[in-house]
Amino acid sequence: MSTAPHEKKKRILPPVTLAESYQLCRDRVIRQLGDFRWMAGNLDAATKAHLAAVLALATRTGKLCDIHVARAARLEMLDDLREDFRDNFMEEETADQFPALLDTMRRHQIPQQYLHDIVAAADMCVRIDRFTSFDQWLQLGCRLGGATMVAAVLVVGVEKTGFEEDALKLGQAIYLTYLLNDIADEIQKLEYFMPVEDIEELNVDLSRHNPARPDRAMIRLIRLQVARIEQLFYEGGPLLNYLALDGRRILKTIVSVSWNMLMKIKQEPAKVLLASQELSPAERFRFRLKHLMGLEGGVVVLPADADHDHH
């Protein structure tokens, strides 16, 4: 029987060993998140490899939210991702990043639902035409940032139960900070990602937007999102109290870098409408040095006792 025209021919991927799969994850994360090398510098080799397996899934999913890639192409990539996910988790294949991800999930008892949620973020980005409300922003942040954070902290070590809600909030805050920083320098991204309800309520006219001379309505739109993300940081900050020492160190660095970026946008919202705000070389060096010396943290959204070892 011939294959129906609408049926997709199954891809045949080369099998990989577990070690090769972990290396693929590490390479993917370093390409997408160059700071991973030093931010995870305090972790032992095994924990670093397991964390890379989780982050590799998140970075692969995040690329499917690139609206500059045609929707048909992203749908095909999403189908490939789901197929690879399903086949490897059913142990019908050992391909690409998934043996490492499956091994990490089992070692650290990560509920599979959080990994499914990460993939669901790509589905959301591919299928909707525009974000209509901030609640949709929160959904995307929860699926991609929040679910990744829950899985990541299970890898780096939690000392007590009940951390999930704080992890979801903090993951949302970090992801949405990077999303806001990235979308505001281009009208196409603003039109797609910025909640329609907010645009209409604040009377923002995107058709007349001039990034070099933004009007007050656009500045208010950016400040509204900053205020909402700030609140998520405060609500998620207590996560640090649930983590073991090495986990607290890397999380404090990640939060410090993300919070610093959000504060840049808050202080000068007009600048983010011209270009994404990056850490200066001096700021990057300072964060790396503090991390190397074990002096992470010191930002207002982190609880004071998270800056000290505790059991």
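Numbering of residues begins at 1 and proceeds along the displayed sequence.
Taking every heavy atom of both residues into account, Glu296 and Thr253 meet most closely at CG-OG1, 2.9 Å. Shortest non-hydrogen contact noted between Leu64 and Val126 is O-CG2, 3.8 Å. Closest approach of Ile174 and Ser258 over heavy atoms only: CG2-OG, 3.5 Å. Closest non-hydrogen pair, Tyr22 versus His50, comes out as OH-CD2, 3.0 Å. What you find for Leu176 and Ile229 is that their closest heavy atoms are O-CD1, 3.6 Å. Met194 approaches Ile199 most closely through the heavy-atom pair O-CD1, 3.7 Å.
Of the possible polar contacts, one joining the Tyr192 side chain to the Cys125 backbone as a donor-acceptor pair under 3.5 Å is found. Checked by atom type and distance alone, the side chain of Gln172 never pairs as donor or acceptor with a backbone atom of Gly141 at under 3.5 Å. Remark: the backbone N or O of Leu43 is not paired with any side-chain donor or acceptor of Asp246 at under 3.5 angstrom. In this structure a side-chain-to-backbone donor-acceptor pair under 3.5 Å is present from Arg130 to Glu191.
Side-chain contact check for Val204 versus Leu190: every heavy-atom pair is 4.5 Å or farther apart. Side chains of Met124 and Phe131 form a contact here, defined as non-hydrogen atoms less than 4.5 Å apart. Counting only heavy atoms from C-beta outward, the side chains of Leu101 and Cys25 never approach each other to under 4.5 Å.
In this structure, Val16 shares a hydrophobic cluster with Leu24, the cluster being traced through Ile, Leu, Val, Met, Phe, Trp and Tyr side chains under 4.5 angstrom apart. With a 4.5 Å cut-off between side-chain heavy atoms of Ile, Leu, Val, Met, Phe, Trp and Tyr, the cluster of Leu292 takes in none.
Residues Asp117 and Gln113 have side chains that bring a donor and an acceptor to within less than 3.5 angstrom of each other. Arg228 and Gln225 share a side-chain donor-acceptor pair at under 3.5 Å.
Using a cutoff of 4.0 Å between basic side-chain nitrogens and carboxylate oxygens, Asp80 and Arg60 are not scored as salt-bridged.
Ring planes of His116 and Phe85: tilted class, angle from 30 to 60°.
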